[in-house]
Undergrad: 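Handing you this structure, nothing more for now.
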2 protein chains.
Amino acid sequence: MAPRKPASVNIKDVARHAGVSLGSASRVVNNVPNVGEATRAKVLAAIEALGYRPNHAAQSLRSRSTRTIGCLVTDVSNPLYAQLFRALEERFLAEGYLLLLANGLNDPDREIALLNLFRLRGMDGVVIAPGNERHAGVLKAVAALEMPAVVLDRDLASPHDKVQFDHAAGMRAAVARLAGLGHRRIALVQSQSANRPMRRRAEGLRAACKAHGLEFDDRWLVQLPSSTSSAYDAVAALLATPDRPTALLVQGTSILVETLNAIAAAGLSLPRDLSLVTLGDPDFAVHHAPPLTALRVDLHAVADRTAERLLARLGGETAEAVSLRVPSELIERGSCGPAP
Amino acid sequence: MAPRKPASVNIKDVARHAGVSLGSASRVVNNVPNVGEATRAKVLAAIEALGYRPNHAAQSLRSRSTRTIGCLVTDVSNPLYAQLFRALEERFLAEGYLLLLANGLNDPDREIALLNLFRLRGMDGVVIAPGNERHAGVLKAVAALEMPAVVLDRDLASPHDKVQFDHAAGMRAAVARLAGLGHRRIALVQSQSANRPMRRRAEGLRAACKAHGLEFDDRWLVQLPSSTSSAYDAVAALLATPDRPTALLVQGTSILVETLNAIAAAGLSLPRDLSLVTLGDPDFAVHHAPPLTALRVDLHAVADRTAERLLARLGGETAEAVSLRVPSELIERGSCGPAP
DNA sequence: TTGAAAGCGCTAACAT
DNA sequence: ATGTTAGCGCTTTCAA
């Protein structure tokens with residue numbers, strides 16, 4: 001491909017215009033300390049006069065740094081990831097890094113291709129949450145990454161810093177609250193995936209119930225085979241059992257809405273007949289009648305931890321990989337009440 | 001900053017290993033036709049053996065192309081933009097372009113900074129939907145863009161290709177349907193912003209009503225001053241009027257949920273007492289009871305048009321800027337019925 | 001078809 | 001403090 005643009009003004013032009021050497025011009029551009037006041041002023045003036053803007057590709061080539069971070073999530077249509085991206089963008093932009101977002105869409109081949117692309121494009125660092133945490137190819141692609149990486153809420157067998165959501169603690173908080181309200185039968189409704197969040201929530205609920213001396217019947221664990229399967233039917237069936245749970249923990253926007261419909265259809269009313277905690281905090285939770293009590297991770301804390309780790313590695317930190325845990329917060333609204 | 005990585009394998013190594021010249025190696029890497037079979041094979045083997053991967057910064061410097069597209073939206077937390085990004089990513093990835101997403105957050109200064117960053121980073125092209133379509137600084141920053149750009153659903157005074165959502169046609173379709181069901185009083189509930197979509201929807205509704213011989217009372221146009229103001233109260237008031245509208249067009253997730261609450265609180269039931277069309281198609285619309293009839297733009301069509309335009313410009317097309325209109329589709333579900 | 005060589009714009013080491 | 005210079009890795013003329 002032939003160069004298209006009519007060679008724009010470069011640092012050489014700046015140096016010439018300012019009547020100083022190439023090196024001095026570069027020093028001013030890069031804020032290197034050892035520069036005389038007069039020189040600096042002349043160069044600054046030249047930059048202004050010529051409208052000089054450094055060529056990023058040349059800088060990258062020379063400095064071996066693109067000042068770009070790759071960000072691989074499952075799907076930015078998921079508000080969790082969208083908000084996380086925003087929070088990360090905030091942190092990295094402040095440090096002069098641009099964030100490149102890519103959707104893995106739970107497709108291992110796509111995730112692998114994207115990871116390789118990140119490598120090819122010379123990302124300075126990456127933050128990744130691969131949907132397929134056990135896929136050999138994905139694991140290999142992650143291992144092949146030669147830049148610093150932070151793994152988000154995944155149990156990935158890799159020597160990278162990890163930022164995990166503390167699902168267990170979240171479950172403890174929710175169960176503690178519910179138990180305090182007299183609930184003894186608590187159910188969990190979520191999609192069925194083999195990934196860390198799902199596993200941890202189920203484990204966490206079991207452990208928390210045990211800790212509070214509550215029985216936990218496996219029927220209370222509703223794992224919906226696929227996103228197309230009807231949460232409505234499953235919840236309706238659950239609520240029709242004689243010793244039905246008195247509190248529901250519900251994950252996923254669609255599942256939540258269908259669950260709410262099933263509750264209404266069963267003639268049950270929140271929080272009188274049933275208590276509900278949403279896992280994750282969709283837009284409408286706060287607007288719902290009654291407003292829905294939510295258990296959610298503090299995404300800003302996640303972004304802070306993630307940025308802190310990655311920035312430290314970019315700064316050359318070589319200490320062993322760490323695994324950070326970010327707590328969930330229980331936002332009390334109106335959907336939990338005393339057990340009937 | 002001193003180079004960190006221990007000089008990786010470059011095309012020179014490949015050439016040496018293959019026993020050919022630098023130029024030949026480059027030709028093979030870039031699939032240039034005039035290359036002998038034997039040479040090609042040797043180079044390919046060397047690439048394989050050495051694990052060669054081209055240095056993107058060097059390629060960019062030389063070819064003056066980063067193969068990266070900047071994408072400026074208001075906020076990717078808005079599902080509309082998230083889905084649009086996904087659709088665009090699909091198109092551009094297929095052409096070997098990476099998409100860089102940035103959130104303008106409706107802050108003109110931020111939008112300007114981002115636009116300048118796109119220029120600085122040498123994006124090959126951009127697709128932008130600046131929140132502040134009339135802000136002088138933003139306009140200036142857009143004008144300063146020296147790469148191809150496509151403007152999304154904004155009335156921006158700029159000489160760029162535009163892809164507009166056909167709000168007027170959408171309104172016509174919705175009103176036609178509603179009028180067919182006997183509705184004569186149709187209200188629009190949306191947030192109050194001076195941007196194109198809001199303006200076009202209000203204009204469109206007025207025109208469509210007129211075309212169908214329906215009166216349009218300005219009280220039917222509910223523009224909520226800010227996202228924090230209560231749609232609930234406004235809708236409750238609207239429904240309490242003696243000659244209340246029999247159909248509602250509602251835009252925005254939060255507003256929609258509050259509207260639904262207000263409808264329920266008024267003892268009204270969809271679609272018996274009132275019909276409703278949601279403008280935009282949030283996750284829960286299909287799961288709601290009853291499922292909500294939605295008017296939405298075809299985002300894949302938007303992405304197709306946008307990619308087609310930008311790719312054409314990247315390919316050197318210099319024809320005058322065009323303005324494309326993408327239709328909305330009315331998804332009939334269960335929230336519209338005969339006028340009471 | 002292939003090789004040799006120039007140079008994209010920049011940073012940093014070295015020399016002054 | 002400033003100037004000079006050698007590349008970073010690559011594409012693309014130009015010659016052969």
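So you know, we letter chains A, B, ... as the sequences are listed, proteins then strands, and number each from 1. Fair warning: this is a prediction, and the values are worked out from it, not measured in the lab.
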Undergrad: Answer yes when A:R154 and A:E111 have at least one side-chain N-carboxylate O distance shorter than 4.0 Å, and no when they do not.
TA: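 Here A:R154 does not pair with A:E111 in a salt bridge, since their nearest N and O are not under 4.0 Å apart.
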Undergrad: Is it true that atom NE2 of A:H135 has more than 12 heavy atoms of other residues, nucleotides or ligands lying nearer than 6.0 Å?
TA: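 Yes - once you tally the heavy atoms of other residues, nucleotides and ligands closer than 6.0 Å, there are more than 12.
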Undergrad: Over how many whole Å does the gap from A:L61 atom CG to C:dC10 atom P extend?
TA: 12 Å
Undergrad: Can you see which heavy atom on B:R40 is nearest to which on B:V32, and at what distance?
TA: NH2-O, 3.9 Å
Undergrad: Report yes if some heavy atom in the side chain of A:L311 is under 4.5 Å from a heavy atom in the side chain of A:Y97; otherwise report no.
TA: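 Contact flag for A:L311/A:Y97 side chains = yes.
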Undergrad: Between B:D161 and B:V322, what is the shortest heavy-atom contact and its length?
TA: OD1-N, 2.8 Å
Undergrad: So, OP1 or OP2 of C:dG9: does either fall under 4.0 Å of a side-chain N or O from A:N55?
TA: no
Undergrad: Is A:Q164 close to A:D155 at the side-chain level, that is, under 4.5 Å between some pair of heavy atoms?
TA: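 Answer yes - side chains close enough.
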Undergrad: Tell me: CG of A:L22 to P of D:dT2, nearest whole Å?
TA: 15 Å
Undergrad: With a 4.0 Å limit, can you tell me whether A:S24 has a side-chain N or O closer than that to the phosphate oxygens OP1/OP2 of D:dG3?
TA: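 Affirmative; the distance criterion is met.
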Undergrad: Output yes when B:K162 and B:E133 qualify as a salt bridge under the 4.0 Å nitrogen-oxygen rule, no when they do not.
TA: no
Undergrad: Looking at A:E308 and A:R91, is there a salt bridge between them, counting it only when a charged N and a carboxylate O are closer than 4.0 Å?
TA: no
Undergrad: To the nearest angstrom, how far is B:K12 atom NZ from C:dA5 atom C1'?
TA: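 Interatomic distance, NZ of B:K12 to C1' of C:dA5: 12 Å.
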Undergrad: Return yes if a side-chain donor-acceptor contact under 3.5 Å exists between A:T68 and B:R121, otherwise no.
TA: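 Result is yes, a qualifying pair exists.
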Undergrad: Let me know the distance between CD1 of A:I11 and C1' of C:dA12, rounded to the nearest Å.
TA: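 These atoms are roughly 12 Å apart.
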Undergrad: Does the side-chain hydrogen bond (donor to acceptor under 3.5 Å, both in side chains) test come out yes or no for B:N106 and B:T74, once each step is laid out?
TA: CA-CA 6 Å; B:N106 245 318; B:T74 301; 5.0 Å; no
Undergrad: Distance check needed: C:dA12 P versus A:N30 CG, whole Å only.
TA: 7 Å
Undergrad: Looking at A:Q59, does any N or O in its side chain come under 4.0 Å of the phosphate oxygens OP1/OP2 on C:dT11?
TA: yes
Undergrad: Quick one: A:R16 CZ to D:dT4 P, roughly how many Å, whole number?
TA: 13 Å
Undergrad: Relative to the 5' end of DNA chain D, which residue comes earlier, B:R53 or A:G19, by the nucleotide with the nearest heavy atom?
TA: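 First, find each residue's nearest nucleotide; the 5'-ward one identifies A:G19.
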Undergrad: Using the closest heavy atom to pick a nucleotide of DNA chain C for each, name whichever of B:G23 or A:V29 lands nearer the 5' end.
TA: B:G23
Undergrad: How many Å lie between CZ on A:R27 and P on D:dT2, as a whole number?
TA: 8 Å
Undergrad: Under 4.0 Å, heavy atoms only, any strand: does B:S26 hit a base, just the sugar-phosphate, or nothing?
TA: base
Undergrad: Which of residues 32-50 of chain A have a heavy atom under 4.0 Å from DNA chain D?
TA: A:N34, A:V35, A:G36, A:T39
Undergrad: With a 4.0 Å cut-off on N to O distance, would you call B:R67 and B:E95 a salt bridge?
TA: no
Undergrad: Quantified as the angle between the terminal helix axes (five pairs each), what is the overall bend of the helix from C:dT1-D:dA16 to C:dT16-D:dA1 to 10 degrees?
TA: 40°
Undergrad: Counting C-beta onward and ignoring hydrogens, is there a side-chain heavy-atom pair between A:V326 and A:D304 closer than 4.5 Å?
TA: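 No, every pair of side-chain atoms sits at 4.5 Å or beyond.
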Undergrad: Below 4.0 angstrom, which residues in residues 113-121 of chain B have at least one non-hydrogen atom near DNA chain C?
TA: none
Undergrad: What is the distance, to the nearest angstrom, from the CZ atom on A:R62 to the C1' atom on C:dG7?
TA: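 Taking atom C1' of C:dG7 as the reference, CZ of A:R62 is at 15 Å.
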